[in-house]
Amino acid sequence: MIIEKLAWRNIWRNRRRTFITLSSIFFAVILSSLMMSIKEGMYSLMIQSAVGSYSGYLQINTSDFTSDGTLDNGFVFTQAMSDDLNGIKSQIKAIPRIENFALSAYGDKTRGTLVLGTDIIAEKELTQIDERIISGSCLSRNDKGVLLGKGLAEYLNIAVADTIVLLGQGYHGTSAAGKFAVKGIVSLGSPELSKQLVVMDLGNAQQLYSAPGVITQLNIWPSEDAGLQTSKTLLAGIVGNEMDIRTWKEVMPEIDKMIQADRVEGYVFMFILYLVISFGIFGTLLMMLVERAYEFGMLLSIGMKRMSLAFMVWLEALFLSLAGAMIGIAGAIPVCYYFNQNPIRFGDEFNEMFEEYGFEPIMKASMDLGIFFEQALIIAALSSILALYPVLKIFTMNILSSRQS
Amino acid sequence: MKKIVVQTIGLSKTFKGPLPVHAVQSVDLTIEDDEFTAIVGPSGSGKTTLLNMIGGLDRPTSGSVSVNGLDLNKLSDHELTNFRLKHIGFVFQSFNLIPVLTARENAEFILLLQKYPRIEREQRVLQLLNEVGLQDKVDSRPSQLSGGQQQRVAVVRALASKPDFVIADEPTANLDSKSASNLLDIMERLNREEGITFIFSTHDQRVIDRARRVITLVDGKIASDERR
Ligand SMILES: Nc1ncnc2c1ncn2[C@@H]1O[C@H](COP(=O)(O)OP(=O)(O)O)[C@@H](O)[C@H]1O
Ligand SMILES: [Mg+2]
């Protein structure tokens, strides 16, 4: 206890210097936490809009579909599967879907689209598609109309009640063509999806593509407490082992990769920030060492172990930097909390910039406590490394000559 | 026959350099239990070097020091540190105390390092601080104490754990004569009442007059050794 007490009091021997060191750590920690919190916040929004409100956390499809994602590699969604899935509804929810490509046309404009044939009731429950209708109304079961992504509607210059023409390839070489009334326009989180999505009732899509009973995939939302792994096992029992059950990261590796790359960018910035303050911390430790050479000599003379003295100096470095980290975190949390509760929505002029990166133009800070904990951990590791020098000095210092000054 | 606490045989220390300095030369010395001994001599005569070797702070070039029959040459650096902690008390000329600890905490420091139980520690230290007249200063930091008061705390720290002997290298050198004589009074009384062996160096005649044995060093050799 005496060592800890000494270390803590020693930090405050030169208040001005300690204050300067603390502020540098404070700024580094607050900047890093804010940056990481905003980055993580954007990632979770992105995952939320791509995964939570579109693809689900797991996807089941045939193994052929995994390598070649066409309708021909779809499978028959049997009544037995449907019943079994219904049985585990409290833990795992599923939407049977067809995803297929088609050419859309309206007036003199055409565009490639992603046609989503889906169980509209399940869709409402899991992706809240009905809440994202910005004009017109949502589909009902067996509806013959379609919903268009906002970006697509804008491109085609088509409005609710207009009729869109879809042309494509059906099941096993048949041709697919149809005219559909636009019932509503949906706003989608992902700008990419917004530009190409056409949503219709599953039965309607099966008819368009001449694929009765066929779906390309089951998209799965496990409940909070049914983990991905247990869900996988449970689902394999229902659909059989020949089916691929993949996580969203496997289905959409590009999203995960982009997040990883962006995160690395953050870490590089953080590294530079912490490198800069390292010099300050090191300088402080060095001065503490030089100023107290006599005292260290005295302590070693009267019988204090070098190990204890080294431990004290390491604790001083740790206390100093952790104190800085604590106030930095204490400063960052309210700011992050504010931007978590009041996300900033950027004006339309930023849309394009954000879209390029696949983000929604919203800045929302994450309140994941791991972000703040990570800063404290980095600072602790950093100061421990920096303390190696004074520690080494203590192990090699000469008792008598240090007392001669 | 009294017990022999310190015995040096042919103790020498030579500092290497372009001109080697023979700081201590073939010193044969025996110090018995309960002695109150002054090592005197002009500056540079080797007092500090001799005390450092006796206290296990420095190793001799040749010869040996034994404390209660234990040859210090046989101890590793680590063992020597532990030996100093448990068997020898130190009082230096100045800056003896840790600035961030109070008088009581400084006085307790050796006992803390030796892991004495709290009750025992407090009793012993408060009693000793009382004896040296610092009962009102127990919670003061060194910066709030006079030089003489600081030295008294250092003396208490040195003998709190009842070491085999206390080494004090010019403990009064930075004190005015009144504080110096006061410190000597205290050391003398503790020597008598606690039976603590004191070996101190000085070149102050008034301090020399208080010693019961005076060993005079000249050029690192014992020039005279008188008991009175
Ligand atoms: N570390 C050292 N290196 C070289 N010479 C030293 C060292 N320490 C002491 N000396 C020399 O040894 C001699 C005795 O010094 P010291 O023991 O300090 O004497 P005193 O304490 O009596 O003043 C002096 O000549 C001094 O210069
Ligand atoms: Mg000296």
Side-chain angles (χ1 to χ4, degrees), chain A residues 1-18 284-285 287-320 323 391-405, chain B residues 13 15 23 48-49 51-53 55-59 77-102 104-116 118 121 141-143 150 154-155 157-161 163 166-169:
Chain A
M1 266 317 287
I2 184 67
I3 308 276
E4 288 83 345
K5 192 196 273 181
L6 263 178
W8 178 252
R9 292 194 193 163
N10 278 333
I11 298 175
W12 304 102
R13 282 167 80 157
N14 188 330
R15 279 166 198 273
R16 212 171 75 99
R17 188 170 62 208
T18 296
T284 302
L285 295 181
M287 279 192 270
M288 286 168 107
L289 188 70
V290 173
E291 283 169 2
R292 291 192 288 155
Y294 179 92
E295 191 176 316
F296 289 170
M298 186 271 291
L299 289 170
L300 295 174
S301 295
I302 64 173
M304 191 169 179
K305 290 191 185 68
R306 286 177 196 267
M307 191 56 152
S308 310
L309 201 57
F311 179 61
M312 181 184 84
V313 168
W314 173 70
L315 274 185
E316 285 174 19
L318 198 68
F319 285 167
L320 181 67
V391 162
L392 201 77
K393 276 280 167 204
I394 283 169
F395 275 104
T396 53
M397 80 190 285
N398 182 294
I399 300 181
L400 292 177
S401 50
S402 57
R403 239 179 51 230
Q404 252 145 27
S405 43
Chain B
K13 179 77 181 184
F15 291 107
T48 297
T49 308
L51 290 180
N52 281 345
M53 286 189 288
L57 289 169
D58 205 358
R59 291 190 186 269
D77 284 355
H78 188 74
E79 288 166 333
L80 209 49
T81 304
N82 212 22
F83 186 81
R84 286 199 304 270
L85 176 67
K86 299 226 166 93
H87 297 274
I88 310 175
F90 290 93
V91 178
F92 304 107
Q93 192 171 318
S94 52
F95 303 113
N96 272 291
L97 306 181
I98 304 166
V100 295
L101 298 184
T102 63
R104 181 225 299 255
E105 289 165 336
N106 265 294
E108 278 185 341
F109 197 71
I110 299 285
L111 299 179
L112 277 164
L113 292 185
Q114 291 193 36
K115 302 197 164 63
Y116 272 61
R118 195 172 65 92
R121 233 163 47 210
R141 295 264 178 114
S143 59
Q150 290 182 26
V155 168
R157 179 184 66 191
L159 55 80
S161 69
V166 171
I167 286 181
D169 190 6

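In what follows, chains are A, B, ... by sequence order, proteins preceding strands, each numbered from 1.
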Per-residue tally against chain A (heavy atom, under 4.5 Å) across B:Leu112, B:Ile88, B:Thr81 peaks at B:Thr81
With a 6.0 Å cut-off (strictly less than), is the heavy-atom count around CE of A:Met307, excluding the residue itself, greater than 12?
no
Could you look at B:Glu105 and say if it's the side chain, the backbone, both or neither that has a heavy atom under 4.5 Å from chain A?
side chain
Proximity breakdown for B:Phe109 and chain A, heavy-atom pairs closer than 4.5 Å:
side chain
Which atoms of B:Asp77 come close to chain A, meaning under 4.5 Å heavy atom to heavy atom: side chain ones, backbone ones, both, or neither?
neither
Are side-chain heavy atoms of A:Glu4 and A:Phe311 found at a separation under 4.5 Å?
yes
Heavy-atom contact with chain A under 4.5 Å, split by part of B:Leu57
both
Which distance, rounded to the nearest 0.5 Å, do you find between the CG of A:Asn10 and the CE of A:Met312?
5.0 Å
Distance col, row B:Asp58:CG vs B:Phe15:CZ, nearest 0.5 angstrom, shows 5.5 Å
To the nearest 0.5 angstrom, please state how far the CD1 atom of B:Ile98 sits from the CZ atom of B:Arg141.
11.0 Å
For A:Ile399, which atoms come within 4.5 Å of any heavy atom of chain B: side chain, backbone, both, or neither?
side chain
Looking at A:Arg13 and A:Glu291, does any basic side-chain N land under 4.0 Å from a carboxylate oxygen?
no
For B:Tyr116, I'd like to know if atom OH has over 12 heavy atoms of other residues, nucleotides or ligands within 6.0 Å.
yes
With chain A, which of B:Arg157, B:Lys86, B:His78 has the greatest number of heavy-atom pairs at distances under 4.5 Å?
B:Arg157
Max heavy-atom pairs within cutoff under 4.5 Å with chain B, candidates A:Ile302, A:Ile2, A:Ile3, goes to A:Ile302
With a 4.5 angstrom heavy-atom cut-off, could you sort out which part of B:Phe92 is near chain A: side chain, backbone, both or neither?
side chain
